[in-house]
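Worksheet: one structure, shown below.
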Amino acid sequence: MFTPARDLFADLTPDQRAAVEHGEGPLLILAGAGSGKTRVITRRVAHLLQCGVKPWSILAITFTNKAAGEMKHRVDALAPGNKVWISTFHSLGARLLRQYADRLNIDRNFTIYDVDDRNKLVKDALDRAGIDNVKFTPERLAGAISKAKNALQRPKEYEQQARDFFTQTVARVYTLYEKALRQANGMDFDDLLYLPALALKLNEEFRAELDARFKYVLIDEYQDTNQAQYEIARRLSLHHPNLCVVGDPDQSIYKWRGSDIRNILDFERDFPAARVITLEQNYRSTKAILHAASVLIDHNKQRKKKTLVTGNPQGDPVRTLTFDNGLDEAEGVVLRIKQAVEAGRFRYRDHAIFLRINALTRSLESAFVKHGVPFQIVKGLAFFDRKENKDILAYLRLLINPADTVCFLRAVNEPARGIGKVSLERLVNWANEHEMTLTAACGNAARIPEIKGKAAAGLREFYRLMTELRAKIDLPPHEVIREVLDQSGYRKMLAETGDEDDADRLANIEEMITAAKQFHDEDATRTLADFLEQITLASDVDSHDEKADSVSVMTLHAAKGLEFPAVYMLACEQGILPHNRSIESGKDEELEEERRLCFVGMTRAMRELHLCHARMREFRGQITYQVPSMFLDELPADVDRQDVAGGKNTARAAIDEWRSGYRSAGGRAGLPPVKPTIPAGDGSGYAVGQVVQHDEYGIGQVTDVSGFGALRRVKVRFPAAGEKTFVADKVKLRVVKRG
DNA sequence: AAACCGGCCATTTTT
DNA sequence: TGGCCGGTTT
């Protein structure tokens, strides 16, 4: 090895340094929360490059695309212009499947099926197999299929070990689903791991080639890998066992998704020569926070003891806050944040609010808007989940993959072309009989005797349209989308109604076109297919904008890997955290995962940590008494426990009072949730979060800015009048306070 | 073929 | 509470 440049090590501790410096051979880094593991992986990649390792022989796997992007950025700063592969497991899988499509005997133009698409396909399979007398939902069956794939069980293998009625049903559906998926040339999320893993397992030539190609493999968050991912990691490291994994068993929170904590616990068994480095020095949190989190996690029985230490100051005590009800909690937290900012203690972006479940974001939104506090809800696909965007995406996917049945069925009659349910059913049957894709059958519509009149004409028109558009798929992504929007009649459908909502929808599609343009501007070699893949594989945190000065709201799962100066964890109540599902399961294992989840949330905090709960909470229209989380009881005695319920008690009569107060204060009922948009530096003068004044409606807060030029709309939520949409160019709004 | 309505249902976390 | 499905009407 060459003598490495000084600067790579200057700011590292001896343990970190050892991990970075480690040469050949397997390496396990047990990195406690906040111990700088990302830095270690990044430096290690840079170090390998400095030692003369070829960039293309390094493969680094992260948990999110965002983390991959950041690592790429940092590695590039340390070793400019390198070609190291840095991606998530899923992106890696997609890339391998496309690159080696011919050898693996698959069509490289496959489309990636998200959970919705998958469930639809499972439902179809169910209908076609005539399995509707059973109570198993498509989601549940799809979940079981997903598990099977994670465990690398093919339909036949699964069938052989299916013993009870449920698993036998799953076996039948699995077989049908796989067939449908392959016919549609689709890959579900699990396939992106499962197929490469199987190929590596069954095809030694393929395995050896990739093993030799990726001589150094580094994997972050190893405690959350599932069996398929494990298989990939291990089989890429047989001849060149330079596998470096980093993880923390205390932060394993994805067991429900098939991850297996044994992967990290058994690493030394899998690689007896492995060197183990433990990082226990925490650089993130105050002593108070670290102590509280350590005491909590110590309640887990199935755990290898580990003691985190920090040289940071003691800091403020960890605080628990007791509120009377969920609305008070939301408002109380927002106000506390606002005060902290106004007092100059923190900026908005220093704050994060963590939730166990997404459903809890609603009341928070109202509170944020009410008090003019800027916020972002970190929930990735919300924008692309809108109907209009999904419709356009269906066209795009169908252009690239004509076999995509789910997209065909979505696009074919949107806008309406007179093709109804019955005609489509006939088309699907005919296609199945003739073993054709729906697109091909559509081209043969004239030969299908049962389809006539308007439906036949509509299908003919749709086929012509798609053929025409397909000639343009090599244009830059945003141009293809514009062609689709114009040629398909979708724009016409939205433009001619004069409906305000339709104008909004059009503006949303225009926004997607802008996103595609940005995507293309960043790197002109990227295609439409790349754009679609990025959208599908995006994670929630990928949409997190840490530059915006707003409070971040996200689930505990999304919070992994992040850090914030001040953290609020809401609804620390029995049934929510830990979640009912885990309590009801009666399994310690599941309860311990909830505790780890709580631990992950707590250890995100650098300086202030507030754990909140309410005595009453409305859920699904029902008001229930809530019991504080058992985890709050498990915290050390030096935690500052504050009851801020303001004298309100828990007597029965109080419920009705509270309810009537809630109802009358609920003038905002029925308002759509605020779209989490990044305040755009787009020259419109308006940005989400701003407080503005309107002549008629008074003071309100901007909740959305969309569209461009004459199409630009600004959405404002008024306390009294509710949400209104204005044409930005026309409306007179005075900006009272910047967001 | 498409819009409309009413009852039913489920309720975690995500690449 | 609200989202979805299935039935009914236009």
Side-chain angles (χ1 to χ4, degrees), chain A residues 61-68 87-94 112-116 118-120 123 127 132 135 137-140 143 146 149-150 187-194 221 224-226 228-229 252-259 354-360 362-363 378-381 387 413-425 453-455 458 533-542 554-560 571 575-585 590 593-594 596-598 600-601 617-624 662 666 669-670 672-673:
Chain A
I61 306 278
T62 59
F63 204 65
T64 63
N65 294 292
K66 186 165 205 208
S87 73
T88 64
F89 263 116
H90 287 86
S91 297
L92 168 74
I112 300 174
Y113 271 38
D114 66 19
V115 174
D116 275 351
R118 177 195 72 177
N119 290 346
K120 263 186 207 148
K123 192 170 175 301
D127 291 344
D132 50 6
K135 277 255 157 71
T137 61
E139 290 76 20
R140 194 167 160 215
S146 170
K149 286 190 177 180
N150 283 169
M187 295 287 170
D188 63 24
F189 282 139
D190 303 310
D191 285 337
L192 300 180
L193 309 173
Y194 160 85
E221 307 284 10
D224 277 324
T225 48
N226 63 30
Q229 292 166 329
S252 156
I253 54 174
Y254 284 99
K255 182 170 192 286
W256 55 274
R257 204 171 82 183
S259 74
F354 299 152
L355 308 157
R356 175 64 178 83
I357 51 177
N358 282 309
L360 255 32
R362 291 266 163 88
S363 48
V378 182
K379 186 85 180 74
L381 299 159
K387 182 183 179 301
N413 203 35
E414 199 73 50
R417 297 186 175 89
I419 307 159
K421 222 174 94 180
V422 179
S423 304
L424 276 182
E425 222 160 81
K454 235 161 84 177
E533 184 166 309
Q534 192 205 249
I535 291 171
T536 317
L537 292 182
S539 70
D540 282 355
V541 272
D542 289 343
M554 66 187 82
T555 64
L556 285 165
H557 283 90
K560 190 166 79 163
I576 296 180
L577 178 68
H579 195 271
N580 246 336
R581 287 273 219 237
S582 327
I583 299 173
E584 281 167 4
S585 76
E590 295 204 15
E593 177 147 322
E594 296 282 316
R596 288 195 293 270
L597 203 46
C598 190
V600 166
R617 190 173 295 279
E618 187 198 339
F619 197 54
R620 257 175 35 223
Q622 290 266 310
I623 295 162
T624 52
Y662 169 67

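Note on naming: letters A, B, ... go to the chains in the order of the sequence lines (proteins, then strands), and numbering restarts at 1 for each one.
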Sugar-phosphate only, base, or nothing, as touched by A:D114 at under 4.0 Å among non-hydrogen atoms: nothing
Distance in angstrom units between A:K66 NZ and B:dT14 P, rounded: 16 Å
A:R581 with A:E590: basic N within carboxylate O range, under 4.0 Å: no
Show each protein N/O and nucleotides 2-6 of chain B N/O combination with a separation under 3.5 Å, one pair to a line.
{"unit_1": "B:dA2", "atom_1": "OP2", "unit_2": "A:N413", "atom_2": "ND2", "d": "3.0"}

Those residues that, when tested against A:N119, pass side-chain hydrogen bond (donor to acceptor under 3.5 Å, both in side chains) (two or more places apart): none
Closest-nucleotide 5' rank along DNA chain B - winner of A:V115 and A:V422: A:V422
Nucleotide C:dT1, atom P - distance to CD1 of A:I623 in whole Å: 10 Å
Residues A:T536 and A:D114: side-chain donor-acceptor under 3.5 angstrom: no
Integer-rounded Å distance: B:dT12 P and A:L556 CG: 15 Å
Verify stack between A:W256 ring and B:dT13 base, 5.5 Å, 30 degrees: yes
Partners meeting salt bridge (charged side-chain N to carboxylate O under 4.0 Å, His left out) with A:D188 (sequence neighbours left out): A:K149
A:D116 CG - C:dG3 C1' separation (whole Å): 13 Å
Sugar-phosphate only, base, or nothing, as touched by A:T64 at under 4.0 Å among non-hydrogen atoms: nothing
Shortest side-chain distance from A:E618, nucleotide among B:dT13, B:dA1, C:dT1: C:dT1
For atom CG of A:D540 and atom C1' of B:dT13, their distance in whole Å: 10 Å
Crowding at NZ, A:K255 (>12 non-hydrogen neighbours, <6.0 Å): no
Value in whole Å for how far the P atom of C:dG3 lies from CZ of A:F619: 13 Å
Touch class at under 4.0 angstrom, heavy-atom based, for A:Y254 against every strand present: sugar-phosphate
Pair A:N65, A:S91: side-chain N/O donor-acceptor within cut-off below 3.5 Å: yes
side-chain N/O A:S539 vs B:dT15 OP1/OP2, d < 4.0 Å: yes
Whole angstrom value for the distance that separates P of B:dT13 from CD of A:E139: 14 Å
side-chain N/O A:N358 vs B:dT13 OP1/OP2, d < 4.0 Å: yes
Geometric class of the A:Y254/A:F63 ring pair [parallel <30°, tilted 30-60°, perpendicular >60°]: tilted
Distance test, side-chain N/O of A:T555 to OP1/OP2 of B:dT12, below 4.0 Å: no
Rounded distance in Å - CG (A:N580) to P (B:dA10): 15 Å
Pi stacking test for A:H557 and B:dT13: under 5.5 Å apart, planes under 30°: no
Short side-chain N/O contact to B:dA10 OP1/OP2 from A:T137, under 4.0 Å: no
